[in-house]
Amino acid sequence: MSHPQSYEILLVPEFKESAGAPTPGSAIRSAVVAATGDTGASGYPRYAGDGMEADIDPATHTVEALLVDGAELDYGLTVRIAERRGGTGAGEAGAGEPAADSTGAETGEGTGEGAGDR
């Protein structure tokens, strides 16, 4: 089975009703990660880039483990991914766009739990 060679990972805040909180659904950080050829501790292919390391299930596009700048994901943040199609640079034609759907089936949402078990 051929795995995608890169994804765009978006860190998105969960909904909170407080002053100054980021708008739900707006990414506060993103990174393009590329396949490393390694398998992570979760058993899924490892992707890395722009300060993020992720184990991503290529069949469901679910982030199974995530490190951001070497640390586990902070509480209150969720992950969305989009498969990168075409070029590898940000903003290039054909780049994958994250789906607006929150089921996780197309967006690959996850919490990155278990990332520290390496």
Side-chain angles (χ1 to χ4, degrees):
M1 179 171 140
S2 177
H3 302 304
Q5 292 302 301
S6 65
Y7 287 98
E8 181 174 15
I9 296 178
L10 304 170
L11 297 184
V12 180
E14 292 179 344
F15 180 74
K16 291 186 179 183
E17 291 186 33
S18 61
T23 305
S26 299
I28 59 172
R29 183 166 171 181
S30 67
V32 174
V33 294
T36 65
D38 295 331
T39 300
S42 66
Y44 293 100
R46 170 75 46 90
Y47 294 79
D50 296 332
M52 293 189 198
E53 274 188 56
D55 296 356
I56 301 174
D57 179 347
T60 63
H61 303 282
T62 300
V63 175
E64 298 294 338
L66 178 69
L67 293 176
V68 179
D69 296 330
E72 291 184 14
L73 192 63
D74 290 334
Y75 288 106
L77 294 175
T78 58
V79 176
R80 292 184 183 218
I81 65 169
E83 184 177 336
R84 303 277 303 170
R85 293 183 181 92
T88 58
E92 288 187 20
E97 292 294 326
D101 153 317
S102 63
T103 63
E106 293 183 29
T107 61
E109 289 184 45
T111 58
E113 292 180 26
D117 296 334
R118 296 193 228 301

Which heavy atom of [X] sits nearest to which heavy atom of [Y], and what is that distance?
{"X": "Gly49", "Y": "Ala31", "value": "O-CB, 3.9 Å"}
{"X": "Ala59", "Y": "Asp57", "value": "N-OD1, 2.9 Å"}
{"X": "Pro58", "Y": "Pro4", "value": "CB-CD, 3.9 Å"}
{"X": "Val12", "Y": "Ala27", "value": "CG2-CA, 4.3 Å"}
{"X": "Ala41", "Y": "Asp55", "value": "N-OD2, 3.5 Å"}

Side-chain donor or acceptor of Gln5 paired with backbone N/O of His3 under 3.5 Å: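 Such a contact is found between Gln5 side chain and His3 backbone.
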
Determine all donor-acceptor pairs shorter than 3.5 Å in which one atom belongs to a side chain in residues 33-40; sequence neighbours excluded.
residue	atom	partner	partner atom	Å
Thr36	OG1	Asp38	N	3.1
Thr36	OG1	Arg46	O	3.2

Same cluster (ILVMFWY, side-chain, under 4.5 Å), Leu73 and Ile81: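 Yes; tracing contacts between hydrophobic side chains, which count when under 4.5 Å, links both residues.
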
Residues in side chain to side chain donor-acceptor pair (under 3.5 Å) contact with Asp50, at least two apart in sequence or another chain: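 Per chain and number, Asp50 pairs via side chain to side chain donor-acceptor pair (under 3.5 Å) with no residue.
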
Residues forming a side chain to side chain donor-acceptor pair (under 3.5 Å) with Asp69, sequence neighbours excluded: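 Arg29.
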
Between [atom1] of [X] and [atom2] of [Y], what distance do you get to the nearest 0.5 Å?
{"X": "Glu72", "Y": "Leu67", "atom1": "CD", "atom2": "CG", "answer": "7.0 Å"}
{"X": "Leu77", "Y": "Leu10", "atom1": "CG", "atom2": "CG", "answer": "12.0 Å"}
{"X": "Ser30", "Y": "Met52", "atom1": "OG", "atom2": "CE", "answer": "7.0 Å"}

Side-chain heavy atoms of Leu66 within contact of Ile9, under 4.5 Å: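 Of all side-chain heavy-atom pairs linking Ile9 with Leu66, at least one is under 4.5 Å.
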
Pairing residues for Tyr7 by the ring pair (Phe, Tyr, Trp, His ring centres under 6.0 Å) criterion, not counting sequence neighbours: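 Applying ring pair (Phe, Tyr, Trp, His ring centres under 6.0 Å) to Tyr7 gives Tyr47, His61.
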
